[in-house]
Enquirer: 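Just dropping this structure here.
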Amino acid sequence: MDSQLFVRDLLAWYETDKRDLPWRKDADPYRVWVSEVMLQQTRVDTVIPYFERFMDLFPTVAALANASEGDVVKAWEGLGYYSRVRNLQQAVREVSERYNGIVPDSFEAMTSLRGVGPYTAGAVLSIAYGKPLAAVDGNVLRVISRLHKIEEDIAKPATKKQVEAYVSRIVPHDQASAFNQALMELGALVCTARTPRCESCPVARHCVARAAGCQARLPVKAAKKPARREHYAVLLLRRQDGSLAVLQRPDKGLLRGLWQLPMVAVEDAVASPDEIRQQVQGCLADYGIAESLEVGGVYTHAFTHLHWTLRVVRTDLLDGATGGDWIFSDAMDRAQMTFGRIFQIILQQWASDPESRPERKGGEQLALFHD
DNA sequence: AAATCGGGGCC
DNA sequence: GGCCCAGATTT
């Protein structure tokens with residue numbers, strides 16, 4: 001195929017059909033960088049409101065470098081992959097100190113920064129500085145695998161390297177920004193994962209998979225193993241002054257450093273209230289808590305590699321009660337803390353009506369069966 | 001090379 | 001319920 005013609009057709013389409021996105025208003029390296037980190041494994045529609053808010057709060061390298069980590073993570077709350085924002089702030093602080101606040105313009109300097117891998121470095125440097133580098137994300141892998149009918153597993157590093165090498169060869173040196181964004185835009189709008197819109201594709205005439213009629217089964221990707229399952233009772237422990245027990249997760253691993261409600265592992269979170277009450281009571285006895293436990297609804301929360309089934313359990317404590325690693329906080333405190341999404345959901349429901357019996361998420365009747 | 005790390009939207 | 005998303009880091 002003629003790569004020159006492909007590039008020309010792609011760029012012509014991008015000029016007329018590109019979306020108007022907040023981070024495309026200018027090419028400020030810092031804004032581009034923040035957008036690229038937010039967009040890692042995250043859809044455009046999800047990112048937009050977070051991006052606007054984040055740029056209002058931390059409009060410059062200096063603003064983010066000087067902010068407290070707590071405020072920065074709070075601004076990220078709900079976006080997921082929280083190490084992204086901790087790494088981003090660490091990297092921005094390094095830019096502030098070592099590079100006088102100027103985002104470096106070399107691939108080596110960029111990739112040496114925390115949280116900046118080959119994709120993000122290529123994207124920031126091409127979009128903000130016009131450097132003719134590849135920026136291969138999931139969209140580009142899919143587009144190129146179809147374009148060239150690549151049948152190897154795109155999850156393999158070797159396949160990604162092959163695609164990076166190809167894109168590096170064809171990226172036009174005077175339009176690297178538009179070209180890289182055009183490849184991704186095509187993947188997001190036309191060459192989508194399911195049912196690609198080949199009829200309206202501006203580069204369909206260059207596509208080998210399309211010619212062979214196999215575009216729907218590309219790219220090839222190995223199946224991943226099923227997520228681990230864990231069951232917990234989530235505790236709403238309320239003191240008479242209205243405060244609630246919360247605790248901070250360990251400084252490593254899942255949701256590290258974020259706040260959560262106390263949880264105790266149970267055999268089966270969908271078991272009968274009596275069964276749940278018995279198991280939870282056994283754990284809380286260590287803290288001298290023997291009040292009556294009210295067993296509420298079931299929540300499920302899916303992480304990429306982990307699936308939680310949760311059962312809400314509520315009780316009132318005597319003032320002065322302490323236990324475990326938890327502290328008692330009021331609504332004002334909690335507004336400053338960063339919680340994992342599932343705890344936000346449970347807490348919001350609690351805040352809206354602390355007296356209500358927590359219902360099953362979605363309001364369906366509680367089903368007493370294993371998942 | 002494989003596992004870890006979030007959450008939402010779509011089918 | 002599984003899959004995918006403007007991936008990077010750790011093991």
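To find a chain, count down the sequence lines: A is the first, B the second, and so on, and within it residues start at 1.
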Enquirer: Using the closest heavy atom to pick a nucleotide of DNA chain B for each, name whichever of L306(A) or K156(A) lands nearer the 5' end.
Expert: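 The residue closer to the strand's 5' end, by nearest nucleotide, is K156(A).
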Enquirer: For a quick check, tell me whether the side chain of T42(A) and the base of dG7(B) share a donor-acceptor pair closer than 3.5 Å.
Expert: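 Side chain to base: no pair present.
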Enquirer: Does this structure show an ion pair linking K161(A) with E164(A), if we count only N-O contacts that are shorter than 4.0 Å?
Expert: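 Judged by the 4.0 Å cut-off on N to carboxylate O distance, K161(A) and E164(A) do not form a salt bridge.
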Enquirer: For N87(A) and I127(A), take the nucleotide of DNA chain C holding the closest heavy atom to each; which residue's nucleotide lies nearer the 5' end?
Expert: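 Closer to the 5' end of DNA chain C: I127(A).
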Enquirer: Whether R169(A) engages the ring of Y166(A) as a cation-pi pair (distance to the six-membered ring centre under 6.0 angstrom, angle to the ring normal within 45°) should be assessed.
Expert: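 That pair does not qualify as a cation-pi contact.
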Enquirer: Taking NZ from K224(A) and C1' from dG2(C), how many angstroms apart are they, rounded to a whole number?
Expert: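 So the two atoms are 9 Å apart, to the nearest Å.
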Enquirer: Within the structure shown, what part of the strands sits under 4.0 Å from F303(A) by heavy-atom distance: base, sugar-phosphate, or nothing?
Expert: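 Here F303(A) touches the backbone only, sparing every base.
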Enquirer: Of all the choices, dA6(C), dG6(B), dC4(C), which nucleotide is nearest to the side chain of Y82(A) once you look at every atom?
Expert: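 Of the options given, the side chain of Y82(A) lies nearest dG6(B).
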Enquirer: Are any of R84(A)'s side-chain N or O atoms less than 4.0 Å away from OP1 or OP2 of dC5(B)?
Expert: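 Answer is no, no contact under 4.0 Å.
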Enquirer: Does Q41(A) put a side-chain nitrogen or oxygen below 4.0 Å from OP1 or OP2 of dG7(C)?
Expert: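 For dG7(C), OP1 or OP2 has a side-chain N or O of Q41(A) closer than 4.0 Å.
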Enquirer: Checking all strands, does L21(A) fall into the base, sugar-phosphate, or nothing category for heavy-atom contacts under 4.0 angstrom?
Expert: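 It contacts base atoms.
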Enquirer: Which nucleotide, dC10(B), dA6(C), dA8(C), lies nearest any side-chain atom of R194(A)?
Expert: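 Side chain of R194(A) sits closest to dC10(B).
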Enquirer: Does D274(A) form a side-chain hydrogen bond (donor to acceptor under 3.5 Å, both in side chains) with S272(A)? I'd like the steps, not just the answer.
Expert: CA-CA 5 Å; D274(A) 279 343; S272(A) 70; 5.5 Å; no
Enquirer: Got more than 12 heavy atoms from elsewhere within 6.0 Å of CG, D333(A)?
Expert: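 Enclosed.
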Enquirer: Mind running a 4.0 Å heavy-atom check of residues 246-256 of chain A against DNA chain B and sending the residues that fall below it, in number order?
Expert: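 Going residue by residue through residues 246-256 of chain A, the ones with a heavy atom under 4.0 Å of DNA chain B turn out to be G253(A), L254(A), L255(A).
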Enquirer: Please report the distance separating the P of dT4(B) from the corresponding atom of dA6(C), rounded so that it comes out in whole Å.
Expert: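 To the nearest whole Å, 24 Å.
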Enquirer: Taking OP1 and OP2 of dA3(B), is either one under 4.0 Å from a side-chain nitrogen or oxygen of H305(A)?
Expert: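 The answer is no; no side-chain N or O of H305(A) sits under 4.0 Å from OP1 or OP2.
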Enquirer: More 5' along DNA chain C: R24(A) or L113(A), using each one's nearest nucleotide?
Expert: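 Looking at DNA chain C, the more 5' nearest nucleotide goes with R24(A).
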Enquirer: In plain terms, say whether E275(A) and R311(A) are close enough for a salt bridge, that is, a side-chain N and a carboxylate O under 4.0 Å apart.
Expert: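 No, this pair does not count.
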Enquirer: Rounding to an integer number of angstrom, what distance separates dG8(B) and dA8(C) when you compare their P atoms?
Expert: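 About 22 Å, rounded to a whole number of Å.
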Enquirer: Between H301(A) and dG7(B), is there a side-chain N or O to OP1/OP2 distance below 4.0 Å?
Expert: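 For dG7(B), OP1/OP2 do have a side-chain N/O of H301(A) under 4.0 Å.
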Enquirer: Do T304(A) and dG6(B) share a donor-acceptor pair, side chain to base, under 3.5 Å?
Expert: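 When only heavy-atom distances are counted, T304(A) does reach the base of dG6(B) through a donor-acceptor pair under 3.5 Å.
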Enquirer: Could you check whether Y119(A) and E36(A), counting side-chain N and O atoms only, form a donor-acceptor pair closer than 3.5 Å?
Expert: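 A pair is found: one side chain offers a donor N or O, the other an acceptor, under 3.5 Å apart.
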Enquirer: In sequence, state the C-alpha distance, the side-chain angles, and the governing distance for L64(A) and Y30(A), and then conclude on side-chain contact (heavy atoms from CB on, under 4.5 Å).
Expert: CA-CA 10 Å; L64(A) 183 57; Y30(A) 169 70; 3.5 Å; yes
Enquirer: If you check every side-chain atom of P157(A), which of dA1(B), dG1(C), dG6(B) has the closest atom?
Expert: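 Taking heavy atoms from C-beta onward, the closest nucleotide is dA1(B).
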Enquirer: How many angstroms lie between atom NZ of K160(A) and atom CG of D137(A), to the nearest 0.5 angstrom?
Expert: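 So the gap between those two atoms works out to 9.0 Å.
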Enquirer: Looking at K225(A), does any N or O in its side chain come under 4.0 Å of the phosphate oxygens OP1/OP2 on dA3(B)?
Expert: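 Indeed, a polar side-chain atom of K225(A) lies that close.
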Enquirer: Mind checking if R43(A) touches a base, just sugar-phosphate, or nothing, with heavy atoms under 4.0 Å?
Expert: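 It contacts base atoms.
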Enquirer: What does S35(A) touch in the nucleic acid at a heavy-atom separation under 4.0 angstrom: a base, only the sugar-phosphate, or nothing?
Expert: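 No contact at all - S35(A) keeps every heavy atom at 4.0 Å or more from the nucleic acid.
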